[in-house]
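Right, one structure below, let's go through it.
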Protein chains: 2
Amino acid sequence: MCEKLKNLKKTEYKIALLLSENGILNANDLQNMLNVDKATVYRNLKSLLKKKIIREILTDEKSFYEIDCNIHNPIHPHFECVKCKKIYCLKPLSAQDTINLSHYTDFEISSIEIIIKGICNECKKQF
Amino acid sequence: MCEKLKNLKKTEYKIALLLSENGILNANDLQNMLNVDKATVYRNLKSLLKKKIIREILTDEKSFYEIDCNIHNPIHPHFECVKCKKIYCLKPLSAQDTINLSHYTDFEISSIEIIIKGICNECKKQF
DNA sequence: TATCATAATGCAACTCAGTTGCAAAAATAA
DNA sequence: TTATTTTTGCAACTGAGTTGCATTATGATA
C-alpha cells in the first residue's frame with residue numbers, strides 16, 4: 001500500500017483501492033463497482049488526478065485510469081487493441097529504452113504516456 | 001510531396017495538403033479552412049486514417065491530425081500544454097532513444113504515440 | 001446533544017466531439 | 001442523355017464528461 005493513499009477522502013480512497021486491485025479501469029467500471037452517480041466518479045477521479053495518485057490513459061472513446069504508486073506500478077506503455085478496444089499494460093521500458101527527455105528544455109514536463117495500437121493475440125485468432 | 005498523396009479523392013487531398021502545409025490541426029480547424037460540413041471532415045479524416053495517410057493524436061478533449069509521410073514527417077513525440085492546450089510536435093527520437101518493441105510479441109503493432117504533458121514556455125512566463 | 005458551517009453526493013440538464021440516416025447534389029459510367 | 005455510384009449537407013443523434021443546484025452527510029463548536 002502506497003503512502004500516497006493515506007489521508008484520502010472516502011470515495012477517493014475506494015477508487016484508489018479498486019484501481020490498485022484491478023489494474024486499469026474506466027469511469028463506467030468504477031461507477032458500477034462503487035454504485036454511485038457518474039458525476040461523483042468523475043469528480044473524485046479529477047481530484048485524484050490533481051493529487052497525482054492516479055494516471056489517466058486516453059483512448060479513442062474513453063479514458064482509463066490506473067494507480068500511480070511508482071514502486072508498485074511504475075510508468076509503462078499501454079497497448080490498445082483496435083478490434084476489441086481492450087487496454088493492456090505493457091512491461092515498463094528497460095533503462096536503455098527509456099526516452100531521453102533532456103532535449104525538451106522548452107517544456108516543464110509533468111507526465112509521459114506511450115500508447116501502442118494494434119491487434120491483440122485474442123483478436124488475431126478470431127479474425 | 002509524398003507518393004501516398006496521389007490518387008486521393010478531392011476532399012481527402014485538400015485535407016492532406018492542409019496538414020502538409022500547416023502541421024498539426026484538429027477537425028474544427030479543417031472545417032473552417034475547407035468550409036464544409038463537419039460530417040464531411042470526419043468522414044474524410046476516417047478514410048485518410050484507414051489509408052494511413054494521416055496520423056491521429058488524441059488529447060484530453062479533441063483529436064489532432066498530422067500527415068504521415070515518413071520521410072518528411074517521421075514519427076515523433078507530441079507535447080500537450082495543460083494550460084493553453086496547444087500541441088507541439090517534438091523532435092523525433094534519436095536512434096538510441098527509440099523504443100524496443102520486440103518484447104511485445106503478443107501484439108500486432110500498427111502505431112505508436114508518445115504524448116508528453118506539461119507546461120510550455122509561453123505559459124510558464126505568464127503564470 | 002443541538003447548532004452551524006462545509007464538503008460530498010445525486011439528479012437532471014447540459015456541453016461538445018464525433019457519428020449516422022437520409023435526401024440532395026455531384027461525379028462517373030454506359 | 002440516362003442510370004448508377006459516390007460525396008456532401010443537414011439535422012438528429014450518441015456517449016463521455018461537466019455543471020448547477022438542492023439534499024445529505026460530515027465535522028466543528030459551543
Side-chain angles (χ1 to χ4, degrees), chain A residues 5-19 24-51 53-66 78 80-87 111 113 115 117, chain B residues 5-19 24-51 53-66 78 80-87 111 113 115 117:
Chain A
L5 303 192
K6 315 281 181 197
N7 301 324
L8 291 183
K9 289 159 199 163
K10 272 189 192 170
T11 309
E12 285 179 343
Y13 183 79
K14 282 185 200 165
I15 290 176
L17 206 65
L18 283 172
L19 293 177
I24 193 163
L25 297 171
N26 63 42
N28 194 49
D29 295 333
L30 290 166
Q31 195 193 338
N32 294 331
M33 293 166 113
L34 291 169
N35 207 37
V36 289
D37 190 76
K38 66 174 179 166
T40 303
V41 174
Y42 283 112
R43 279 188 281 239
N44 280 280
L45 285 171
K46 274 218 158 174
S47 72
L48 287 167
L49 282 168
K50 202 178 280 176
K51 293 177 185 176
I53 287 163
I54 61 173
R55 291 190 288 254
E56 186 176 30
I57 297 100
L58 300 175
T59 75
D60 278 336
E61 15 190 65
K62 54 182 108 184
S63 287
F64 288 77
Y65 303 89
E66 66 184 6
H78 292 95
E80 179 187 359
C81 178
V82 297
K83 294 277 185 194
C84 67
K85 306 288 177 190
K86 205 186 283 177
I87 305 295
S111 72
E113 173 58 20
I115 286 255
K117 286 190 197 175
Chain B
L5 302 193
K6 315 280 182 197
N7 300 322
L8 291 184
K9 288 159 200 164
K10 274 188 190 170
T11 309
E12 284 178 344
Y13 183 79
K14 284 185 200 164
I15 290 176
L17 206 65
L18 284 172
L19 292 178
I24 193 162
L25 296 171
N26 63 42
N28 194 49
D29 296 333
L30 290 166
Q31 195 193 339
N32 293 331
M33 295 165 113
L34 292 169
N35 209 36
V36 291
D37 190 76
K38 67 173 179 167
T40 303
V41 174
Y42 282 112
R43 278 188 282 238
N44 279 280
L45 285 171
K46 273 217 160 175
S47 71
L48 287 167
L49 282 169
K50 203 178 279 176
K51 293 177 184 175
I53 286 162
I54 62 173
R55 291 190 287 253
E56 186 177 29
I57 297 100
L58 300 176
T59 75
D60 277 337
E61 15 191 67
K62 53 182 108 185
S63 287
F64 287 78
Y65 302 90
E66 66 185 5
H78 293 95
E80 178 188 358
C81 178
V82 298
K83 293 276 184 195
C84 67
K85 304 288 175 190
K86 205 187 283 176
I87 305 295
S111 72
E113 172 57 20
I115 286 254
K117 286 190 197 173

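Numbered from 1 within each chain, the chains take letters A, B, ... in sequence-line order. The shown structure was predicted, so the numbers you read here are calculated from the model rather than taken from an experiment.
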Atom [atom1] of [X] to atom [atom2] of [N]: distance rounded to whole Å?
{"X": "B:Asp60", "N": "C:dA17", "atom1": "CG", "atom2": "C1'", "result": "13 Å"}
{"X": "A:Asn28", "N": "D:dT14", "atom1": "CG", "atom2": "P", "result": "17 Å"}
{"X": "A:Lys62", "N": "C:dG18", "atom1": "NZ", "atom2": "P", "result": "16 Å"}
{"X": "B:Lys85", "N": "C:dA17", "atom1": "NZ", "atom2": "P", "result": "13 Å"}
{"X": "A:Tyr13", "N": "C:dT9", "atom1": "OH", "atom2": "P", "result": "16 Å"}
{"X": "A:Gln31", "N": "D:dT18", "atom1": "CD", "atom2": "P", "result": "14 Å"}
{"X": "B:Asp37", "N": "D:dT8", "atom1": "CG", "atom2": "C1'", "result": "8 Å"}
{"X": "B:Lys46", "N": "C:dG18", "atom1": "NZ", "atom2": "P", "result": "11 Å"}

For A:Leu49 and A:Glu56, run side chain to side chain contact (heavy atoms under 4.5 Å, CB included): C-alpha distance rounded to whole Å, both residues' side-chain angles, the deciding distance at 0.1 Å, then the answer. CA-CA 8 Å; A:Leu49 282 168; A:Glu56 186 176 30; 3.9 Å; yes
Quick one: is [X] getting a side-chain N or O under 4.0 Å of the [N] phosphate, OP1 or OP2?
{"X": "A:Ser63", "N": "D:dG17", "answer": "yes"}
{"X": "A:Tyr42", "N": "D:dT18", "answer": "no"}
{"X": "B:Thr40", "N": "D:dT7", "answer": "no"}

On a heavy-atom basis, which atom in A:Asp60 and which in A:Lys117 lie closest, and how many Å separate them? OD1-NZ, 3.5 Å
Could you pull out the closest heavy-atom pair between B:Thr59 and B:Lys62, with the gap in Å? OG1-O, 2.8 Å
Need one value for [X]: base, sugar-phosphate or nothing, where a base atom within 4.0 Å counts as base even if backbone is also close, heavy atoms only.
{"X": "B:Asn44", "result": "sugar-phosphate"}
{"X": "B:Lys9", "result": "sugar-phosphate"}
{"X": "A:Lys10", "result": "sugar-phosphate"}

In B:Val41, B:Leu45, B:Leu48, B:Asn44, the residue satisfying side-chain contact (heavy atoms from CB on, under 4.5 Å) with B:Thr11 is B:Asn44
Please state whether the base of C:dG18 and the side chain of B:Lys38 form at least one donor-acceptor pair under 3.5 Å? yes
For A:Lys86, look at atom NZ and say whether over 12 heavy atoms of other residues, nucleotides or ligands are found less than 6.0 Å away. no
Nearest to the side chain of B:Ala39, heavy atoms from C-beta on, is which of D:dT8, C:dT9, D:dC10? D:dC10
Side chain of A:Arg43, heavy atoms from C-beta onward: which of D:dG17, D:dC21, C:dC22 has the nearest atom to it? D:dC21
